[in-house]
A.B. asks: 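After the C-alpha cells below, expect a handful of questions from me.
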Amino acid sequence: MSKPTIEQARMGTEGIAFCIARTLIERDPSLKAPMRANLRKMWELLEEREDHAAADMVDTMIKALNDPAFFKP
C-alpha cells in the first residue's frame, strides 16, 4: 500500500471506531466509563510497545469520549 492509501485506511478506521463508540454510548451511557478505562489501558500497552502511531489513535478516541461536542446530534 502506498503512504496516502495507508493514511486513508487509518482515518477510515478511526471514523468507524468513533461511530461505533458514539452509537453504543448513546444507547447505553453507562458504557462510557468502562470504554474510557479500556482505551486508557490499551494506550498504556501501546506506549510500552513504542507503537506511537497506534497510541495516538487511541488517545484521540479518549479525548473524543471526554468532549461533549462528540455526542451532540
Side-chain angles (χ1 to χ4, degrees):
M1 290 179 113
S2 66
K3 187 164 179 111
T5 305
I6 292 170
E7 183 65 20
Q8 289 170 342
R10 185 181 74 84
M11 289 177 67
T13 302
E14 282 182 16
I16 292 168
F18 285 137
C19 290
I20 292 169
R22 181 177 174 174
T23 300
L24 290 172
I25 291 169
E26 284 177 345
R27 290 182 182 211
D28 185 356
S30 69
L31 294 174
K32 188 175 184 179
M35 188 176 294
R36 188 183 302 124
N38 287 336
L39 287 168
R40 175 61 56 193
K41 183 62 177 171
M42 183 184 298
W43 179 84
E44 291 170 1
L45 292 170
L46 291 167
E47 282 294 319
E48 285 177 14
R49 295 178 186 169
E50 297 184 5
D51 188 347
H52 301 296
D56 287 346
M57 285 177 58
V58 173
D59 188 52
T60 301
M61 181 70 123
I62 293 167
K63 288 176 183 173
L65 289 177
N66 293 326
D67 184 356
F70 180 67
F71 294 100
K72 289 184 180 176

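Please read these numbers as outputs of a predicted model, since none were measured by experiment. Both backbone and side-chain heavy atoms feed into the values below; hydrogens, waters and symmetry mates do not.
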A.B. asks: Identify, with sequence neighbours excluded, every residue that meets side chain to side chain contact (heavy atoms under 4.5 Å, CB included) alongside Ile20.
C.D. replies: Ile16, Leu24

A.B. asks: Show me, pair by pair, the donor-acceptor contacts under 3.5 angstrom made by side chains of residues 29-47, not counting sequence neighbours?
C.D. replies:
unit_1 : atom_1 : unit_2 : atom_2 : d
Ser30  : OG     : Asp28  : OD1    : 2.6
Ser30  : OG     : Asp28  : OD2    : 3.3
Lys32  : NZ     : Leu65  : O      : 3.1
Arg36  : NE     : Asn66  : OD1    : 2.8
Arg36  : NH2    : Asn66  : OD1    : 3.3
Asn38  : ND2    : Pro34  : O      : 3.4
Glu47  : OE1    : His52  : ND1    : 3.4

A.B. asks: Any salt bridge (charged side-chain N to carboxylate O under 4.0 Å, His left out) involving residues 54-66? Give me the pairs, sequence neighbours left out, ordered by first then second residue.
C.D. replies: Asp59-Lys63

A.B. asks: Per the ring pair (Phe, Tyr, Trp, His ring centres under 6.0 Å) rule, what does the pair list look like for residues 7-28, sequence neighbours excluded?
C.D. replies: Phe18-Phe70

A.B. asks: So, using side chain to side chain contact (heavy atoms under 4.5 Å, CB included) as the criterion, who are the partners of Ala17 when residues are at least two apart?
C.D. replies: Met61

